[in-house]
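I have placed the structure first, in the form of structure tokens, so that the comments after it can refer back to it.
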Number of protein chains: 2
Amino acid sequence: MIRNMSHNSFALLQARGYKLTEPRRRVIEQLHDRRRALTALELHQLLASEGISLASIYRTLELLVELGLAEAATRSGDEQRYIACSPGQHHHHIVCSRCGRVADITECLLEPFEDVVRERTGFTIESHTLEFHGYCSACRQ
Amino acid sequence: MIRNMSHNSFALLQARGYKLTEPRRRVIEQLHDRRRALTALELHQLLASEGISLASIYRTLELLVELGLAEAATRSGDEQRYIACSPGQHHHHIVCSRCGRVADITECLLEPFEDVVRERTGFTIESHTLEFHGYCSACRQ
DNA sequence: ATAATAAACGCAAATGATTCGCAATATGTC
DNA sequence: GACATATTGCGAATCATTTGCGTTTATTAT
Ligand SMILES: [Mn+2]
Ligand SMILES: [Mn+2]
Ligand SMILES: [Zn+2]
Ligand SMILES: [Zn+2]
């Protein structure tokens, strides 16, 4: 079923007419299997033995975000981190500040508040970004 | 009172032992007065007549974030945007996707949920990033 | 007010993450 | 298996941000 999530991404990629290439397959696998927010460089190092170029990793990440199969972590230092994600259900993540491990928060806690926010601010609301930060059980002091 | 918010930042800067210089004063004023999420380059252009270097603008923004007087917008394209903020009270922002205008959401909607998130994910929660995106009244279609 | 001192500035060069051009290659199709 | 074309790897280019350094400025003490 871990396998399954990668395979869902493979399928969606192909359904949209993109080729399922080795670099894409490997990047998707790593993102899903590690369950961590990873940088392009980290992915490149994890895949060092495969001879995949850093450019292809960047291109793959861009495509995955476009397809909703990955998203950029909001807390960005110098390097952007990416999180594997399944498209469709709107939800959020908690990311370990030490090891980058990601857990899903399977539903959105905020939709009930969008009306309140609209009334208070006079803005229409199109979307929001929410990410929790903390420590996973392995990294907790 | 708009003036006031800038002055609060001026005061905090000095209270922490930093010099209140012309570049710092001007960057703080712009961020507060425009009420928009601005890039370093935009600030540089807004302050073109003052002969302030881009380097100083970057250095000032870094300091303001460090002091909690500004924060980086979470939806970052290529250039990072910065939002003036008063330290102390935890709250969030809604940012206009067209003009960058910012409104405060004066309280945090999420603290009640942190327990739930902790229980569900097994993570301890240290913080979260939340930002709404939409259109201000002037930019609404 | 003036001088002293360190912080902060402006400038130009450096850095470094990300992007791009292009020839070579791999993938999906017939 | 051969074909057409999307995608790759490589190296160069880009460009936002950072840094080194000599000069200027804000603050504190005469
Ligand atoms: Mn997810
Ligand atoms: Mn604010
Ligand atoms: Zn962890
Ligand atoms: Zn607007």
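Naming: A, B, ... by sequence-line order, numbering from 1 per chain.
- Ring pair B/H91/B/H93 is perpendicular by interplanar angle, where above 60° counts as perpendicular and below 30° as parallel.
- For B/E22 and D/dT23, the CD to C1' distance is 18 Å, given to the nearest whole Å.
- Both B/Y18 and A/S56 lie near DNA chain D, and the one whose nearest nucleotide falls closer to the 5' end is A/S56.
- With rounding to whole Å, A/L20 atom CG is found 21 Å from D/dT5 atom P.
- Atom C1' of nucleotide C/dT25 and atom CZ of A/R59 are separated by 13 Å, given to the nearest angstrom.
- Contact between the side-chain N/O atoms of A/Q14 and the OP1/OP2 oxygens of C/dT27 is not found at any separation under 4.0 Å.
- For A/I52, the listed nucleotide lying nearest its side chain is D/dG9; candidates were D/dG9, C/dC9, C/dT27.
- Hydrophobic clustering of Ile, Leu, Val, Met, Phe, Trp and Tyr side chains at less than 4.5 Å, counting indirect connections, keeps B/V116 apart from A/L109.
- Rounding to whole angstrom units, NE2 of residue B/H44 and C1' of D/dT17 are separated by 13 Å.
- Side chain to side chain, B/T74 and A/T129 meet the donor-acceptor criterion of an N or O pair below 3.5 Å.
- Atom CG of A/D78 is separated from atom P of C/dT18 by 8 Å (rounded to the nearest Å).
- The phosphate of C/dT27 has neither OP1 nor OP2 within less than 4.0 Å of any side-chain N or O from A/T21.
- The ring pair (Phe, Tyr, Trp, His ring centres under 6.0 Å) pairs that include a residue from residues 116-139 of chain A are A/H90-A/H128, A/H92-A/H128, A/H128-B/F132, A/F132-B/H128, where partners are two or more places apart or lie in different chains.
- If you take CZ of B/R24 and C1' of C/dG10, they are 14 Å apart, rounded to a whole angstrom.
- Look at B/Y58 and you won't find any side-chain N or O under 4.0 angstrom from OP1 or OP2 of D/dT18.
- The shortest side-chain heavy-atom distance between A/L69 and A/L31 does not fall under the 4.5 Å cut-off.
- Candidate nucleotides C/dA26, D/dC10, D/dA16 were compared by shortest atom distance to the side chain of A/A55, and D/dC10 ranks first.
- One atom, CD of A/E66, and another, P of D/dT7, lie 11 Å apart when rounded to the nearest Å.
- Taking for each of B/Q80 and B/K19 the nucleotide of DNA chain D with the nearest heavy atom, the 5'-most of the two is the partner of B/Q80.
- Put simply, CZ on A/R25 is 14 Å from P on D/dT7, counting in whole angstrom units.
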